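Read the structure below first, then the notes.
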There are 2 protein chains.
Amino acid sequence: MAGRPREFDRDQALRQAMLAFWRRGYEGTSMSDLVAALGIASARIYAAFGSKEELFREAVALYAAGDGGFADLALSQEDDVVAAIQRMLADAVALYTRDDLPHGCMVVSAATNCSEQNDGVLEWLRAQRQARTQSVTERLRRGVADGQLGPDADVDALGDFYAAQLHGVSVQARDGVPRERLLASLAVAMTPLRIAAGKA
Amino acid sequence: MAGRPREFDRDQALRQAMLAFWRRGYEGTSMSDLVAALGIASARIYAAFGSKEELFREAVALYAAGDGGFADLALSQEDDVVAAIQRMLADAVALYTRDDLPHGCMVVSAATNCSEQNDGVLEWLRAQRQARTQSVTERLRRGVADGQLGPDADVDALGDFYAAQLHGVSVQARDGVPRERLLASLAVAMTPLRIAAGKA
DNA sequence: TCAATTGTTTGTCGATCGACAAATAATAGA
DNA sequence: TCTATTATTTGTCGATCGACAAACAATTGA
């Protein structure tokens with residue numbers, strides 16, 4: 001273990017790559033874009049990250065481990081299922097409309113339309129969205145087990161519904177719908193769950 | 001007005017282009033992809049449509065004038081506002097999950113992530129999504145005027161909510177969520193409006 | 001001091017991108 | 001038939017894509 005020390009901050013470069021991919025997507029961000037964003041030559045990027053695709057996957061992992069991980073946090077940290085879903089949606093709106101970050105969800109918008117040769121990353125992000133849907137559904141199921149939701153609550157339908165709401169809010173935020181409006185529509189989205197919880 | 005007659009069916013070629021763009025998006029569909037899909041040389045495509053971008057815009061217009069125009073139809077043809085929104089969502093699910101067509105909404109998924117030079121088409125599709133949101137909101141407002149919704153119904157919040165639901169269902173359909181599940185989540189999505197209509 | 005190892009610089013690679021020029025072919029009207 | 005007009009064929013253009021090779025620089029451990 002020797003060798004010349006790296007002259008740039010790999011974590012900082014990765015974060016810049018994340019922001020670039022978040023803003024313009026995987027194929028929408030070219031290597032020359034990355035060179036400009038990271039401030040280093042392309043050969044250094046390849047030496048540090050392997051390839052554009054590997055860099056992208058690391059960037060998405062960084063997103064998921066940071067701000068993008070709000071959903072699992074909300075679902076696991078709130079004891080009440082209604083509060084959990086409410087917080088998940090509110091955190092989504094807060095993140096997707098932050099002024100200092102690209103709008104919308106990186107997992108939703110970074111690889112929706114891409115060429116055939118990059119179907120791999122497309123499928124990978126798809127799997128992450130599906131996993132999030134399942135997390136929501138399982139949290140709802142726990143809500144039934146905890147007696148917070150009626151035993152006849154259709155947790156699968158509710159899970160798909162709130163997953164769709166998350167994805168839809170991402171699109172809306174990317175389109176520039178302001179935070180206050182998204183929060184207002186969030187209140188609408190909560191009514192089915194409140195009914196299932198007998199709190200309406 | 002004379003000249004050699006065109007040897008291919010322009011409408012049919014345009015439809016093939018629409019399907020290609022629908023499936024892979026604007027930048028995800030290369031000129032060579034279009035050459036393969038339309039079955040004609042690239043120079044013929046340029047002669048008939050001007051450029052790739054003009055072809056795309058015509059393709060989206062064809063989509064909006066056809067299957068993609070379901071929303072305005074549902075909103076204008078149904079006298080009851082609840083029935084109108086219900087039908088709009090049901091038609092969306094039906095279209096977005098058709099076996100013989102690309103899944104999801106073309107306007108939502110054809111240009112979410114693209115390079116800087118094509119921000120024009122991105123903005124154009126964004127405007128169409130915003131217009132659809134407004135159509136939904138105005139239909140809800142008419143529902144209040146007609147007395148079908150309570151005078152205190154928050155039509156702006158409901159409009160944003162159902163627009164987000166449309167966008168979210170598009171993402172879900174594209175991810176392979178089956179039709180029956182989307183229809184079940186649609187039933188969940190209808191409860192806020194039914195409450196506003198006093199039918200729950 | 002000197003290998004071994006790793007990072008950086010510089011330049012460029014083949015493939016593909018969207019787009020079009022020039023030549024040829026087929027029609028309508030004069 | 002001849003001219004004007006439009007379509008098709010063929011080939012290729014410059015730009016950009018992602019990716020890397022080779023030479024050089026800086027560090028560690030022997």
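These numbers were taken from a predicted model, which means no experiment stands behind them. Note: hydrogens, waters and symmetry copies are ignored here, and every other heavy atom, side chains too, is used. Just so we're on the same page: letters track the sequence lines, and every chain starts at 1.
Residue pairs meeting the side-chain hydrogen bond (donor to acceptor under 3.5 Å, both in side chains) criterion with at least one partner in residues 178-187 of chain B, sequence neighbours excluded, are A:D160-B:R181, B:T97-B:R179. Evaluation of the salt bridge (charged side-chain N to carboxylate O under 4.0 Å, His left out) test over residues 109-130 of chain A, restricted to residues two or more places apart or in two chains, returns A:D119-B:R24, A:E123-A:R126, A:R126-B:D175, A:R129-B:D175. Annotation: side-chain hydrogen bond (donor to acceptor under 3.5 Å, both in side chains) contacts involving residues 31-46 of chain A, sequence neighbours excluded, comprise A:S30-A:S32, A:S30-A:D33. Screening residues 59-76 of chain A for side-chain hydrogen bond (donor to acceptor under 3.5 Å, both in side chains) gives no qualifying pairs among residues at least two apart or on separate chains.
Computed from coordinates, the A:R44 CZ to C:dT9 C1' distance equals 9 Å when rounded to whole Å. In this structure, CZ of B:R10 is placed 13 Å from C1' of D:dA7, rounded to the nearest angstrom. Distance, B:D9 CG to D:dT8 P: 12 Å, rounded to whole Å. Counting to the nearest Å, the P atom of C:dT9 and the CD atom of A:E7 are 6 Å from each other.
Scored by the salt bridge (charged side-chain N to carboxylate O under 4.0 Å, His left out) test, A:D100 finds A:R98 as partners (sequence neighbours excluded). Here B:E58 pairs with B:R10 under the side chain to side chain donor-acceptor pair (under 3.5 Å) rule; sequence neighbours left out.
Using bins of under 30°, 30° to 60° and over 60° for the plane-to-plane angle, the ring pair B:F21/B:Y26 lands in the tilted bin.
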Run the side-chain donor-acceptor check on residues 101-112 of chain A: report pairs under 3.5 Å with partners two or more places apart or on a different chain.
{"unit_1": "A:H103", "atom_1": "ND1", "unit_2": "A:A173", "atom_2": "O", "d": "3.4"}
{"unit_1": "A:S109", "atom_1": "OG", "unit_2": "A:C105", "atom_2": "O", "d": "2.8"}
{"unit_1": "A:S109", "atom_1": "OG", "unit_2": "A:R174", "atom_2": "NE", "d": "3.3"}
{"unit_1": "A:T112", "atom_1": "OG1", "unit_2": "B:T112", "atom_2": "OG1", "d": "2.2"}
{"unit_1": "A:T112", "atom_1": "OG1", "unit_2": "B:N113", "atom_2": "OD1", "d": "2.9"}

For nucleotides 22-25 of chain D, give me every protein contact, N/O to N/O, under 3.5 Å, one pair per line with atom names.
{"unit_1": "D:dA25", "atom_1": "O4'", "unit_2": "A:R4", "atom_2": "NH1", "d": "3.4"}
{"unit_1": "D:dA25", "atom_1": "N3", "unit_2": "A:R4", "atom_2": "NH1", "d": "3.3"}

All N/O contacts under 3.5 Å from nucleotides 16-19 of chain D to the protein, with atom names and distances to one decimal?
{"unit_1": "D:dC17", "atom_1": "OP1", "unit_2": "A:S30", "atom_2": "OG", "d": "3.3"}
{"unit_1": "D:dC17", "atom_1": "OP2", "unit_2": "A:S32", "atom_2": "OG", "d": "3.4"}
{"unit_1": "D:dG18", "atom_1": "OP1", "unit_2": "A:K52", "atom_2": "NZ", "d": "2.5"}
{"unit_1": "D:dG18", "atom_1": "OP2", "unit_2": "A:M31", "atom_2": "N", "d": "2.6"}
{"unit_1": "D:dA19", "atom_1": "OP2", "unit_2": "A:Y46", "atom_2": "OH", "d": "2.8"}
{"unit_1": "D:dA19", "atom_1": "OP2", "unit_2": "A:K52", "atom_2": "N", "d": "3.1"}
{"unit_1": "D:dA19", "atom_1": "O5'", "unit_2": "A:Y46", "atom_2": "OH", "d": "3.1"}

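Residues B:A41 and A:P5 each lie close to DNA chain D; by heavy-atom proximity, the contact nearer the 5' end of the strand is made by B:A41.
Between B:R6 and the phosphate of D:dT6, there is no side-chain N or O to OP1/OP2 separation shorter than 4.0 Å.
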